[in-house]
Amino acid sequence: MSKIIDLSRSVCDLVTEYPELTGIMTELGFREVRKPAGGQRGEQVQTIPQKAKREGIPMEDVVLALVKNGFRISGEMPVATQPAMTGEETMASVRRAKELAAGKDYAHKHELAAALAAIPGHPLHTLTRENEVLSGWITRAKEKLAAHEDVGELLAKIRELSVHYAKKGDLLYPLLKVNYQVSGPSDVMWTEDDEIRDELALFATAEKRDNHWEDRVQTVLRRAEEMIYKENSIIFPICAVNFTESEWQGIYRDARDYADCLGVIGETWAEGENRSAPAGPAHDGEVVLPGGHMTVDQLAALLNTIPLEITFVDADNVNRFFNEGPKVFKRPGMAIDREVFSCHPPKIEPMVRSIIEDFRHNRRDRVPVWMEKGGHTMLVTYMAVRDKTGRYLGTVELVQDMEFAKEHFGING
């Protein structure tokens with residue numbers, strides 16, 4: 001069962017319900033967490049945000065400590081606003097970010113996060129902009145719900161937070177936990193992300209939209225609003241302090257695999273673009289590729305495990321690779337380093353030449369050929385292999401037995 005800290009309740013009430021809260025708050029530096037019955041009335045009804053402000057304890061530190069101890073936060077979060085910066089101020093902020101990044105300076109974590117968020121295209125810049133848009137949409141949706149107006153279109157937009165949450169879950173949480181032993185976000189907030197996303201999906205498809213439905217939507221919108229606060233005030237600053245420039249560049253590159261969301265189109269970050277992922281020949285017994293690294297044995301086993309017959313022909317029309325294993329279309333090892341056209345009968349050779357020439361001159365990228373072979377339906381797919389600049393490197397032929405698909409869809413003969 002979730003332990004919920006409602007920030008609108010008094011500290012006295014909360015520590016009565018959750019006695020362990022006394023120790024947590026004391027460690028954070030709060031004084032006289034639980035006043036005796038004879039204490040002053042004002043002190044007895046103080047909320048955590050009020051007490052934190054009075055005693056000079058940052059609320060983001062409080063929220064992080066509560067989350068680490070398994071609590072879920074509800075209620076209105078104090079808003080921390082950042083003034084808009086001029087271009088000159090932004091550049092100064094970027095310089096300051098680089099200075100602060102030289103060491104783990106938690107005292108300036110918000111300044112560092114703000115500086116990184118001011119860099120166009122930086123991952124924190126994109127994530128922060130997404131939160132700004134999401135916050136506006138949530139506010140409008142809550143107003144419409146209060147007026148009993150239709151929010152279907154707004155809910156559809158707000159559900160795009162699933163992409164934002166996916167980026168955060170895949171790119172930030174694991175890195176914090178594995179590299180920096182900051183486990184609270186991945187252990188607690190990741191679950192909250194999933195709950196918010198799933199609840200929004202459920203409510204968006206509900207047929208009955210009565211007062212009860214409106215109340216439940218208001219609740220999940222408040223949770224999404226609280227998550228924005230936690231990201232801006234806790235997660236992003238922690239990431240800003242810990243992540244290296246190289247790690248941010250890796251996050252930037254990986255984030256390009258995710259769809260744009262919440263009306264925010266990711267900008268180009270020059271430093272992220274200029275730093276390429278590791279690549280090169282075999283190193284220390286491994287083949288290093290942009291997507292990772294494997295030993296030669298692992299790579300060969302992987303290619304042989306893929307349920308396809310794979311042939312690669314280079315840009316000079318020479319056979320360079322066949323994966324191993326039984327094949328419907330035989331590929332003798334002696335054909336390696338031979339011109340591909342020599343491996344086809346005269347009646348097929350013109351078709352093969354035509355396909356490769358079309359690939360070479362960017363007229364086509366893919367040619368599927370369906371055929372029957374040995375009583376099985378086979379799909380032979382020819383595909384152009386190009387580098388990131390579009391330069392033609394060769395052709396791959398993939399042969400796949402499609403009988404499994406016929407069985408799955410109940411297709412006879």
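With hydrogens and angles disregarded, a donor-acceptor distance shorter than 3.5 Å links the side chain of Ser233 to the backbone of Tyr229. Checking side-chain atoms of Asn323 against main-chain N and O of Leu303 turns up a donor-acceptor pair under 3.5 Å. Panel note: side chain Glu309, backbone Val328; a donor-acceptor pair is recorded below 3.5 Å. The backbone N or O of Phe203 lies less than 3.5 Å from a partner atom in the side chain of Trp213, making a donor-acceptor pair. For the pair Asp314 (side chain) and Gly394 (backbone), a donor-acceptor distance under 3.5 Å is absent. Of the possible polar contacts, one joining the Gln50 side chain to the Thr47 backbone as a donor-acceptor pair under 3.5 Å is found. Under a 3.5 Å cut-off, the side chain of Glu17 and the backbone N or O of Leu14 do not form any donor-acceptor pair. Side chain of Tyr165 to main chain of Trp190: no donor-acceptor pair is present (N/O by atom type, distance under 3.5 Å, no hydrogens or angles). Under a 3.5 Å cut-off, the side chain of Glu160 and the backbone N or O of Leu262 do form a donor-acceptor pair.
No option in Arg256, Lys388, Arg253 other than Arg256 meets the salt bridge (Lys or Arg N to Asp or Glu O under 4.0 Å) test with Glu273.
A donor-acceptor contact closer than 3.5 angstrom is absent between the side chains of Glu271 and His122. For the residue pair Arg338/Asn317, the side-chain donor-acceptor check at 3.5 Å is not satisfied. A side-chain N or O of Asn131 and one of Asn232 form a donor-acceptor pair less than 3.5 Å apart. Donor-acceptor pairing under 3.5 Å is lacking for the side chains of Glu403 and His376. In this model, no donor atom of one side chain and acceptor atom of the other lie less than 3.5 Å apart for Asp194 and Thr191. Side-chain contact, Tyr258 with Asp170: a donor N or O sits under 3.5 Å from an acceptor N or O. Remark: the Ser8 side chain and the Asp6 side chain contain an N/O donor-acceptor pair separated by less than 3.5 Å. Between the side chains of Glu247 and Asn242, not a single donor N or O lies within less than 3.5 Å of an accepting N or O.
Ring geometry for Phe243 against Tyr180 counts as tilted: the plane angle lies between 30° and 60°, on a 0 to 90° scale.
Looking at heavy atoms from C-beta onward, Pro368 lies out of side-chain contact with Tyr382 at the 4.5 angstrom threshold. At a threshold of 4.5 Å between non-hydrogen side-chain atoms, the residues Leu398 and Met383 count as touching. Put simply, the side chain of Pro120 does not reach to within 4.5 Å of the side chain of Trp269, judged on heavy atoms. Counting only heavy atoms from C-beta outward, the side chains of Ile356 and Val340 approach each other to under 4.5 Å. Taking the side chain as every heavy atom from C-beta outward, Asn319 and Asp337 never approach each other to under 4.5 Å.
The side-chain contact (heavy atoms from CB on, under 4.5 Å) check on Asp257 picks up nothing, with sequence neighbours excluded. Among residues two or more places apart in sequence or in another chain, the salt bridge (charged side-chain N to carboxylate O under 4.0 Å, His left out) test is passed with Asp387 by Arg391. Residues passing the side-chain hydrogen bond (donor to acceptor under 3.5 Å, both in side chains) test with His125, sequence neighbours excluded: none. Judged as a salt bridge (charged side-chain N to carboxylate O under 4.0 Å, His left out), and not counting sequence neighbours, the contacts of Asp365 are Arg386. Under the rule for a salt bridge (charged side-chain N to carboxylate O under 4.0 Å, His left out), Asp401 has no partner lying at least two apart in sequence or in another chain.
Checked for salt-bridge contact, Glu214 and Arg209 miss the test: no charged N lies under 4.0 Å from a carboxylate O. The pair Arg222-Glu225 does not meet the salt-bridge criterion, since no charged nitrogen lies less than 4.0 angstrom from a carboxylate oxygen. Salt bridge Glu349/Arg353: present, at least one basic N to carboxylate O contact under 4.0 Å. Under 4.0 Å is where a charged nitrogen must lie from a carboxylate oxygen, and between Arg223 and Glu195 at least one such pair does. With respect to Glu130 and Lys168, no salt bridge is recorded, no charged nitrogen being found less than 4.0 Å from a carboxylate O. With respect to Glu55 and Lys51, a salt bridge is recorded, a charged nitrogen being found less than 4.0 Å from a carboxylate O.
Counting heavy atoms of neighbouring residues, nucleotides and ligands inside a 6.0 Å radius, atom NE2 of His361 exceeds 12 of them. Heavy atoms from other residues, nucleotides or ligands lying under 6.0 Å from CD of Glu149 number more than 12.
Shown here for Ile57 and Gly29, the closest heavy-atom pair between the two residues is CD1-C, 3.6 Å. Closest of all the heavy-atom pairs between Ala141 and Val151 is O-CG1, 3.7 Å.
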Practice item. Go through the steps for Arg197 and Arg159 under the test side-chain contact (heavy atoms from CB on, under 4.5 Å), then give the verdict. Key: CA-CA 7 Å; Arg197 181 202 61 212; Arg159 285 182 62 194; over 6 Å; no

Review point. Between Val367 and Thr381, is a side-chain contact (heavy atoms from CB on, under 4.5 Å) present by the stated rule, with each step listed?
Key: CA-CA 6 Å; Val367 177; Thr381 305; over 6 Å; no

Exercise for review: Would you please test Lys167 and Leu127 for side-chain contact (heavy atoms from CB on, under 4.5 Å) and show each step?
Suggested key: CA-CA 9 Å; Lys167 289 192 291 185; Leu127 292 168; 4.2 Å; yes

**Study point:** Derivation and outcome, side-chain hydrogen bond (donor to acceptor under 3.5 Å, both in side chains), residues Tyr173 and Asp193
**Key:** CA-CA 12 Å; Tyr173 289 159; Asp193 292 342; 3.0 Å; yes

Review point. Step by step, would you call Cys261 with Leu161 a side-chain contact (heavy atoms from CB on, under 4.5 Å)?
Key: CA-CA 7 Å; Cys261 66; Leu161 61 73; over 6 Å; no

Review point. Glu267 and Arg129: salt bridge (Lys or Arg N to Asp or Glu O under 4.0 Å), yes or no, with the steps?
Key: CA-CA 11 Å; Glu267 298 180 38; Arg129 288 173 60 210; 3.3 Å; yes

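Each side-chain hydrogen bond (donor to acceptor under 3.5 Å, both in side chains) pair with one or both residues in residues 366-375, not counting sequence neighbours, appears once here: Glu372-Thr377.
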